[in-house]
Peer 1: 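Take a look at this one; I'll ask things after.
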Protein chains: 2
Amino acid sequence: MKFVMTKSTPARIAIADFLSSSAYPVDIGSIIRFLRSKNLKTNKVTVYRTIDFLLQEDLVKRVEFGEGKYRYELQKDHHHHLICTNCKKIEDVEGEYLRDLESKIRNKKGFLVKNHSLEFFGICKQCQQ
Amino acid sequence: MKFVMTKSTPARIAIADFLSSSAYPVDIGSIIRFLRSKNLKTNKVTVYRTIDFLLQEDLVKRVEFGEGKYRYELQKDHHHHLICTNCKKIEDVEGEYLRDLESKIRNKKGFLVKNHSLEFFGICKQCQQ
DNA sequence: GTCACTGCAAAGGCTTTGCATGTAC
DNA sequence: GTACATGCAAAGCCTTTGCAGTGAC
């Protein structure tokens, strides 16, 4: 992944790398742990500010899984998440399932949907066995 | 609304009243403000503990609107929310739109959906004018 | 050399915990 | 009287802010 940042610094490069290599949304803590594992003694404030920058540039998306904190992932094709409440694994579900619904909402309620959050909580295949 | 609580106290009664009279999910702060307006000098910890109790009894549902805090509403017919990003007004959308989708997820991914979060963000009718 | 980024310390908001006191029953 | 609920203080997380110092360009 390449960011169009005004300045390219070790912290930003590492955060970009981590987001690129993460299959699923990560929280600030795991970013910091990654940076430490690379012996980059980055401050958490830098992480927050880098994420803010990426959010504003619309390179990153913020999601919530009911944990009392945010998670972040690179913008990619529209998708949602399957979150196993047992083992905490996260899977993707691709698709634009709500497009028709959003038109209906427009027609019935006059409400213009700009975006939505949709996450599924349940038990993954492995944990059912 | 009537709670099946082991003990009925002024704080619990007032919180139940407030939740019953709230058309949309409320945060802890607004519950406390309501209690103060009724001259009940309830501690916020009591509010949190009452909400915890109601969540465990499945009388209340917890939702997130990307605000960095939780909101709570009485359990009622399955529905989702339209959140105006301009005036912050919240509307309901009734319906079980995702039932088919959840079966598909079951068949395709083997993931058993127990519940989901779905909220729509956009511009309400009034704010479009 | 400049301007943007970083680090540190501190604070702010939401939520939880421990423990002694109070109260519904 | 007893078990449960409350209040207070304190702490735990996550996140944000201010300001001085550093580094990318």
Side-chain angles (χ1 to χ4, degrees), chain A residues 2-19 22 25-36 38-57 59-73 83 88 117, chain B residues 1-19 22 24-36 38-57 59-73 83 88 117:
Chain A
K2 56 172 189 293
F3 291 163
V4 185
M5 293 188 288
T6 47
K7 286 185 187 177
S8 188
T9 65
R12 292 185 161 193
I13 291 163
I15 294 171
D17 284 351
F18 184 56
L19 287 170
S22 299
V26 296
D27 61 12
I28 298 290
S30 65
I31 297 174
I32 292 172
R33 263 174 268 124
F34 173 82
L35 295 171
R36 296 222 200 292
K38 295 286 178 189
N39 291 316
L40 287 165
K41 42 180 163 26
T42 312
N43 190 278
K44 69 182 167 200
V45 176
T46 300
V47 177
Y48 276 106
R49 285 197 274 231
T50 301
I51 291 290
D52 283 348
F53 171 83
L54 297 173
L55 284 170
Q56 278 173 27
E57 298 295 314
L59 294 167
V60 157
K61 193 181 175 206
R62 193 175 77 178
V63 295
E64 292 178 297
F65 292 170
E67 303 167 298
K69 66 185 171 186
Y70 297 119
R71 286 176 176 264
Y72 307 89
E73 68 182 343
I83 301 137
K88 313 301 176 197
S117 70
Chain B
M1 158 189 205
K2 56 173 188 292
F3 291 165
V4 185
M5 292 189 290
T6 48
K7 288 186 186 177
S8 187
T9 65
R12 291 185 162 192
I13 291 163
I15 293 170
D17 285 351
F18 184 56
L19 287 170
S22 299
Y24 304 108
V26 297
D27 60 13
I28 298 290
S30 64
I31 297 174
I32 293 172
R33 263 174 267 124
F34 172 81
L35 296 169
R36 295 222 200 295
K38 296 285 178 191
N39 290 316
L40 288 165
K41 38 180 164 28
T42 313
N43 191 278
K44 71 183 168 202
V45 176
T46 299
V47 177
Y48 276 106
R49 286 197 273 230
T50 301
I51 291 290
D52 283 347
F53 171 83
L54 298 172
L55 284 169
Q56 278 173 26
E57 297 295 315
L59 295 168
V60 156
K61 192 180 177 209
R62 192 175 77 179
V63 295
E64 292 178 296
F65 292 170
E67 303 166 297
K69 65 183 172 188
Y70 297 119
R71 286 174 176 265
Y72 308 89
E73 66 182 343
I83 300 136
K88 313 301 178 196
S117 71

Peer 1: Rounded off to whole Å, could you give me the CD-to-P distance for the E64(B) and dT15(D) pair?
Peer 2: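 Taking atom P of dT15(D) as the reference, CD of E64(B) is at 11 Å.
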Peer 1: Between L40(B) (CG) and dT23(C) (C1'), how many Å, whole number?
Peer 2: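 Taking CG of L40(B) and C1' of dT23(C), I get 15 Å after rounding.
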Peer 1: Whole Å only: how far is the CD1 atom of I51(B) from the P atom of dT6(D)?
Peer 2: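 To the nearest whole Å, that distance equals 12 Å.
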Peer 1: If you define the side chain from C-beta out and look only at heavy atoms, does anything of E73(B) sit under 4.5 Å from V60(B)?
Peer 2: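 Sidechains of V60(B) and E73(B): no contact.
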Peer 1: Mind listing the side-chain donor-acceptor pairs of residues 39-49 of chain B below 3.5 Å, one per line with the distance, residues two or more places apart or on another chain?
Peer 2:
unit_1 : atom_1 : unit_2 : atom_2 : d
N43(B) : OD1    : V45(B) : N      : 2.8

Peer 1: How sharply is the helix from dG1(C)-dC25(D) to dC25(C)-dG1(D) bent, taking the axes over five pairs at either end and rounding to 10 degrees?
Peer 2: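 For the helix from dG1(C)-dC25(D) to dC25(C)-dG1(D), the axes at either end differ by 30°.
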Peer 1: Less than 4.5 Å apart, side chain to side chain, heavy atoms only: is that true for S8(B) and I13(B)?
Peer 2: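 Heavy-atom side-chain distance check passes, below 4.5 Å.
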Peer 1: Measure from CZ on R12(A) to C1' on dC5(C) and round the result to the nearest Å.
Peer 2: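 Those two atoms, CZ and C1', are 6 Å apart.
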Peer 1: Return the CD to NZ distance between E67(A) and K88(A), rounded to the nearest 0.5 Å.
Peer 2: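 Spacing of CD (E67(A)) from NZ (K88(A)) equals 8.0 Å.
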Peer 1: Report the distance from atom CG of D27(A) to atom C1' of dG12(D), rounded to the nearest whole Å.
Peer 2: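 My rounded result for the distance is 16 Å.
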Peer 1: Please tell me if the side chains of Y72(A) and K61(A) come closer than 4.5 Å, counting only heavy atoms from C-beta onward.
Peer 2: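 In short, these two side chains do not touch, never coming nearer than 4.5 Å.
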Peer 1: Would you say I28(A) and I32(A) make side-chain contact, with heavy atoms under 4.5 Å?
Peer 2: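 In contact.
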Peer 1: Walk along nucleotides 16-25 of chain D from 5' to 3' and tag each nucleotide B, S or - by protein heavy-atom contact under 4.0 Å, base first, then sugar-phosphate.
Peer 2: BBB----BBS
Peer 1: Tell me the interatomic distance from F65(B), atom CZ, to dC14(C), atom C1', rounded to whole angstroms.
Peer 2: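 About 17 Å, once rounded to whole Å.
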Peer 1: Atom CG of L35(A) and atom C1' of dC5(C): how far apart are they, to the nearest Å?
Peer 2: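 Distance check: L35(A) CG to dC5(C) C1' gives 15 Å.
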Peer 1: In Å and rounded to the nearest 0.5 Å, what is the CZ to OG distance from F18(A) to S30(A)?
Peer 2: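 Rounded to the nearest 0.5 Å, the CZ-OG separation comes to 4.0 Å.
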Peer 1: Can you tell me the distance, in whole Å, between the CG atom of N43(B) and the P atom of dA20(C)?
Peer 2: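 So the two atoms are 17 Å apart, to the nearest Å.
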Peer 1: Please lay out, stage by stage, how L54(B) and T50(B) fare under the test side-chain contact (heavy atoms from CB on, under 4.5 Å).
Peer 2: CA-CA 6 Å; L54(B) 298 172; T50(B) 301; 4.2 Å; yes
Peer 1: Between T46(A) and I28(B), who's closer to the 5' end of DNA chain C by nearest nucleotide?
Peer 2: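 This one resolves to T46(A).
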Peer 1: If you only use heavy atoms from C-beta on, which nucleotide in dC14(C), dT6(D), dT6(C) is closest to the side chain of K69(B)?
Peer 2: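 The listed nucleotide nearest to K69(B)'s side chain is dC14(C).
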Peer 1: Could you tell me if the side chain of F65(B) sits less than 4.5 Å from the side chain of S117(A), heavy atoms only?
Peer 2: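 Heavy-atom side-chain distance check fails, nothing below 4.5 Å.
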